[in-house]
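Data block below; observations after.
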Amino acid sequence: MTLSPVYPLIVEVCFYGIFGGASYATMQRYGTRVSLLLLTGATLWSTSIENFIVLNGGYDYYGYATRNFPGYMAWVGVVPLWIILGWFSMTALSYILTDVLLPGRSPYLRSLLAASISLNIDLLLDPIAVSTGLWRWTHPSVYVLGVPLTNWVGWFAIVYFFVFAFDTMVINKPLTRKPLLDIRKVEWQKMLTPFLRRLLLLAPIVLLGTLAVMMLLAPYSNLPGPYRNVFPAPFGWWS
């Protein structure tokens, strides 16, 4: 089912509003500097991973696009801007809730809870988005409610490793292991480089792991081709 072209534009604008609310909540809890760290890391992390998978034929956002209508107003590469900002919003709010429920606990446990919260949100959003054409999956896999299991595994891993990097390199670094009011005063520039370095080290694990899951599930696909790949599938193994 594909709705009117007005629909994706309404969704896009609404997510910009959600992004504004999530940014405000993050700044209220951690201050502007730490919130900038979270936003910068989340933007680079989600932009690189989303573009990588789209360019390798995993899915795309062109269900509404035509020759004269791009489908969405703003893009970052081949991914709509609202997807990037929406990813930040869900991750930030999941992390804030985790920080409230598990203060001072193991970063492994905190990352697990934050990833689980985000996954539960996506379990609600993804089937609706697919059924209305906001994005479409274009690779063989085991599909549930129109969404491949690859997505559930990948979503959990992407949030888990990002939150782990943020929790260990920003919130629980010696520089910020102090009362919440002092965390707000951290010089975010001094924390940005080690934070991004940790993300850079973790990114290959997520990307290679996602491709491995895609390949493992492909032989058991319950969605027959042909797949509407705008970009070539990785290594041409299913296109």
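Every heavy atom of this structure was used, including side-chain atoms; hydrogens, water molecules and symmetry mates were not.
Shown here are the ring-ring contact (aromatic ring centres under 6.0 Å, His included) partners of Y160, two or more places apart in sequence or in another chain: there are none. By the side chain to side chain contact (heavy atoms under 4.5 Å, CB included) test, L39 pairs with F19, T43, F88, sequence neighbours left out. Not counting sequence neighbours, D126 has no partner by the salt bridge (Lys or Arg N to Asp or Glu O under 4.0 Å) test. Remark: R198 engages no residue in a salt bridge (Lys or Arg N to Asp or Glu O under 4.0 Å) (not counting sequence neighbours).
How far CD1 of I158 is from OG of S46: 9.0 Å, rounded to the nearest 0.5 Å. Note that CG of L145 is 9.0 Å distant from CG of L123, once rounded to the nearest 0.5 Å. To the nearest 0.5 Å, atom CG of residue N120 and atom CD1 of residue I117 are 8.5 Å apart. To the nearest 0.5 Å, the span separating OH on Y62 from CZ on R228 amounts to 14.0 Å.
Note on M191 and L201: separate hydrophobic clusters, where clusters join Ile, Leu, Val, Met, Phe, Trp and Tyr whose side-chain heavy atoms are under 4.5 Å apart, directly or indirectly. M214 and V144 fall within a single hydrophobic cluster, where Ile, Leu, Val, Met, Phe, Trp and Tyr are joined by side-chain heavy atoms under 4.5 Å apart, directly or via other members. By the criterion of side-chain heavy atoms lying less than 4.5 angstrom apart, applied directly or through intervening Ile, Leu, Val, Met, Phe, Trp or Tyr residues, L125 is grouped together with V147 in one hydrophobic cluster.
No hydrogens or angles considered: nothing links the side chains of S221 and S141 as a donor-acceptor pair under 3.5 Å. N229 and D60 share no side-chain donor-acceptor pair at under 3.5 Å. Neither side chain, E12 nor Y7, offers a donor N or O lying under 3.5 Å from an acceptor on the other.
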Cut-off 3.5 Å, no hydrogens considered: what does the side-chain donor-acceptor table look like for residues 100-115, sequence neighbours left out?
{"unit_1": "S106", "atom_1": "OG", "unit_2": "Y108", "atom_2": "N", "d": "3.2"}
{"unit_1": "R110", "atom_1": "NE", "unit_2": "D167", "atom_2": "OD1", "d": "3.1"}
{"unit_1": "R110", "atom_1": "NE", "unit_2": "D167", "atom_2": "OD2", "d": "3.0"}
{"unit_1": "R110", "atom_1": "NH1", "unit_2": "D99", "atom_2": "OD1", "d": "3.0"}
{"unit_1": "R110", "atom_1": "NH1", "unit_2": "L102", "atom_2": "O", "d": "2.7"}
{"unit_1": "R110", "atom_1": "NH2", "unit_2": "Y95", "atom_2": "OH", "d": "2.8"}
{"unit_1": "R110", "atom_1": "NH2", "unit_2": "D99", "atom_2": "OD1", "d": "2.8"}
{"unit_1": "R110", "atom_1": "NH2", "unit_2": "D167", "atom_2": "OD1", "d": "2.9"}
{"unit_1": "S111", "atom_1": "OG", "unit_2": "P107", "atom_2": "O", "d": "2.7"}
{"unit_1": "S111", "atom_1": "OG", "unit_2": "F164", "atom_2": "N", "d": "3.2"}

Would you give me the side-chain donor-acceptor pairs under 3.5 Å for residues 71-85, sequence neighbours excluded?
{"unit_1": "Y72", "atom_1": "OH", "unit_2": "L134", "atom_2": "O", "d": "2.7"}
{"unit_1": "W75", "atom_1": "NE1", "unit_2": "Y72", "atom_2": "O", "d": "3.1"}

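Heavy-atom contacts from other residues, nucleotides or ligands closer than 6.0 Å to CG of L124 number more than 12. Residue-environment remark: CZ (F69) exceeds the threshold of 12 foreign heavy atoms within 6.0 Å.
By the 4.5 Å heavy-atom criterion applied to side chains, D122 and W152 are counted as neighbours. Counting heavy atoms from C-beta on, the side chains of L223 and W137 never come closer than 4.5 Å. Considering only heavy atoms from C-beta on, R136 comes within 4.5 Å of T138 through its side chain. Looking at S89 and F15, their side chains never come closer than 4.5 Å, going by heavy atoms from C-beta outward. Looking at heavy atoms from C-beta onward, L119 lies out of side-chain contact with V159 at the 4.5 angstrom threshold.
Contact detail for A92 and L38: the closest heavy-atom pair is CB-CD2, 3.7 Å.
For W135 and Y59, the distance between ring centers is not under 6.0 angstrom.
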